[in-house]
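Beneath this line is the structure, given in structure tokens, with notes to follow.
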Number of protein chains: 2
Amino acid sequence: MENEYICKEKCPHFNKISEVKLTSPNDDSVIDLADMFKIFADSTRLKIICAIMKEELCVCDLCELLGLNQTTVSHQLKTLRDSKLVKYRRDGKQIFYSLEDDHVTQILSAGLSHISEEAENEQL
Amino acid sequence: MENEYICKEKCPHFNKISEVKLTSPNDDSVIDLADMFKIFADSTRLKIICAIMKEELCVCDLCELLGLNQTTVSHQLKTLRDSKLVKYRRDGKQIFYSLEDDHVTQILSAGLSHISEEAENEQL
DNA sequence: TAAACATATGAACAAATATGCATATAAAAG
DNA sequence: CTTTTATATGCATATTTGTTCATATGTTTA
């Protein structure tokens with residue numbers, strides 16, 4: 001049942017499928033990619049990323065800026081740390097966060113340009 | 001309690017915060033952006049996107065290619081349709097899906113280049 | 001027009017996850 | 001060395017979401 005094709009007639013299109021299989025990324029890459037996009041798929045984390053894009057901020061700055069609970073911010077910062085998207089340095093009692101590299105910015109701006117074009121299309 | 005600052009001393013850094021507020025996208029944009037990244041944050045949807053990147057495929061092709069339930073594929077295609085990332089055309093009983101525009105590809109490749117650099121760094 | 005086929009949709013369930021409370025850790029100040 | 005301050009973490013919970021089953025819709029063919 002699992003191995004039977006769903007369609008009976010001219011579908012599936014075997015030649016198309018075999019070609020796609022050749023050019024598609026492997027399963028592990030796709031899962032890694034999805035995990036990476038998951039990080040960007042939350043507005044709290046996105047706000048944090050946008051905030052520390054230009055200059056480093058401490059946890060407390062982020063709480064104040066985003067109007068969020070300190071716990072919430074710290075949890076999301078841990079997620080960002082674990083995914084290697086941010087770096088941090090301690091200065092006394094405070095810990096300052098900043099972006100790890102500019103891939104983050106690139107992904108973000110690719111997303112933003114899609115969003116903004118969508119907004120344009122809706123105006124028409 | 002909500003409106004009190006968490007830190008008492010030299011934090012928060014008001015000048016930094018006010019500058020960040022000026023350059024950060026507004027809340028609605030951030031939510032839209034997060035919603036958009038959510039679409040990419042699932043390996044099934046990513047596989048579908050990669051598969052129809054070069055040429056259109058029907059639902060059944062996708063099921064066969066990805067080894068997934070027809071219902072699962074259709075549900076994810078609906079998500080992709082709703083988010084305007086894919087377009088489709090009917091040909092008899094079959095429905096062929098393809099990418100709506102090349103923003104999708106751009107976002108994907110931005111993500112992939114981050115992933116691949118991460119892999120390089122781990123080899124060192 | 002009835003049956004077969006390709007795809008879509010609704011409901012239910014399980015798994016993932018974002019948030020907040022309580023508390024732990026770590027640094028500085030008194 | 002005790003207290004205060006800044007941040008992190010474990011746990012509980014509510015919400016979201018991906019998958020599947022059952023079934024509906026739309027198209028073709030007999």
Side-chain angles (χ1 to χ4, degrees), chain A residues 1-2 4-13 30-31 34-35 37-49 52 56-83 86-97, chain B residues 1-2 4-13 30-31 34-48 52 56-83 86-97:
Chain A
M1 184 164 150
E2 293 290 335
E4 268 179 34
Y5 301 135
I6 291 155
C7 306
K8 308 290 171 63
E9 290 170 24
K10 58 175 174 172
C11 180
H13 309 89
V30 173
I31 290 171
D35 287 343
F37 281 125
K38 277 196 184 84
I39 307 296
F40 290 85
D42 175 79
S43 58
T44 300
R45 284 192 295 269
L46 277 185
K47 285 177 190 169
I48 292 175
I49 289 172
I52 62 177
E56 61 177 15
L57 291 174
C58 70
V59 177
C60 169
D61 288 336
L62 288 167
C63 295
E64 166 61 16
L65 182 67
L66 309 181
L68 291 172
N69 201 305
Q70 180 264 318
T71 307
T72 303
V73 172
S74 276
H75 274 300
Q76 297 306 345
L77 283 171
K78 175 169 172 50
T79 305
L80 291 167
R81 258 169 16 230
D82 290 349
S83 65
V86 304
K87 58 188 173 193
Y88 57 98
R89 67 175 184 88
R90 179 180 278 278
D91 178 16
K93 281 177 288 187
Q94 301 181 112
I95 297 187
F96 287 85
Y97 282 85
Chain B
M1 181 162 146
E2 294 289 335
E4 268 180 34
Y5 300 136
I6 292 156
C7 307
K8 308 288 168 67
E9 289 169 24
K10 58 175 175 171
C11 180
H13 309 90
V30 173
I31 290 171
D35 286 342
M36 196 273 292
F37 282 124
K38 277 195 184 84
I39 307 295
F40 290 85
D42 175 79
S43 59
T44 300
R45 285 192 294 271
L46 278 185
K47 284 178 191 170
I48 292 175
I52 62 178
E56 62 177 16
L57 290 174
C58 71
V59 177
C60 169
D61 288 334
L62 288 167
C63 295
E64 167 60 18
L65 182 65
L66 309 179
L68 291 172
N69 202 303
Q70 179 264 318
T71 308
T72 303
V73 171
S74 276
H75 273 298
Q76 298 305 347
L77 284 170
K78 175 169 172 50
T79 305
L80 291 168
R81 255 165 25 225
D82 290 348
S83 64
V86 303
K87 58 188 173 191
Y88 57 98
R89 68 176 183 88
R90 180 181 276 279
D91 178 15
K93 283 176 287 188
Q94 301 182 111
I95 299 188
F96 287 84
Y97 283 86

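Every chain is numbered from 1 and lettered A, B, ... according to where its sequence line falls, protein lines coming before strand lines. These figures come from a predicted structure and were not determined experimentally.
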Q. What residues form a side chain to side chain donor-acceptor pair (under 3.5 Å) with B/K78, not counting sequence neighbours?
A. B/D82
**Q.** B/Y97 side-chain N/O to C/dA6 phosphate OP1/OP2 under 4.0 Å
**A.** no
(Q) With a cut-off of less than 4.0 Å, is there a side-chain N or O of A/R89 near OP1 or OP2 of D/dT7? (A) no
Q.
How many whole angstroms separate atom CD1 of A/I31 from atom P of C/dA16?
A. 13 Å
(Q) Return a single string for nucleotides 13-20 of chain D, one symbol per nucleotide in 5' to 3' order, where B is base contact, S is sugar-phosphate-only contact and - is none, cutoff 4.0 angstrom on heavy atoms. (A) ----SSSB
Q) Counting only side-chain N and O atoms of A/Y88, is one of them less than 4.0 Å from OP1 or OP2 of D/dA6? A) no
Q) Atom NZ of A/K78 to atom P of C/dT25: distance rounded to whole Å? A) 15 Å
Q) Tell me: CG of A/L66 to C1' of C/dT19, nearest whole Å? A) 14 Å
Q) CD1 of A/I95 versus C1' of D/dA6: gap in Å, rounded? A) 8 Å
Q. A/D91 has an atom CG; how far is it from atom P of D/dT5, in whole Å?
A. 18 Å
**Q.** Rounded interatomic separation in angstrom, taking CG from A/L80 and C1' from C/dT17
**A.** 14 Å
Q | N or O in side chain of B/R90 less than 4.0 angstrom from D/dT27 OP1/OP2 | A | yes
Q | Any donor-acceptor N/O pair under 3.5 Å between D/dA6 base and A/Q70 side chain | A | no
(Q) Looking at B/I39, is its backbone amide N or carbonyl O close enough to the side chain of B/R45 to form a donor-acceptor pair, meaning the two atoms are under 3.5 Å apart? (A) yes
(Q) Check for me whether A/R81 meets the cation-pi criterion with A/Y88, that is, NZ or CZ under 6.0 Å from the six-membered ring centre and within 45 degrees of the ring axis. (A) yes
Q: Measure from NZ on B/K93 to C1' on C/dA4 and round the result to the nearest Å.
A: 7 Å
Q | Residues forming a side chain to side chain donor-acceptor pair (under 3.5 Å) with B/T72, sequence neighbours excluded | A | none
Q: Would you give the length of the straight line joining atom CD1 of B/I95 to atom SG of B/C60, rounded to the nearest 0.5 angstrom?
A: 12.5 Å
Q: Would you give the length of the straight line joining atom CZ of A/R89 to atom CD of A/Q94, rounded to the nearest 0.5 angstrom?
A: 9.0 Å
Q) Rounding to a whole Å, what distance do you find between A/F96:CZ and D/dT7:P? A) 8 Å
(Q) Looking at A/T71, is its backbone amide N or carbonyl O close enough to the side chain of A/S74 to form a donor-acceptor pair, meaning the two atoms are under 3.5 Å apart? (A) no
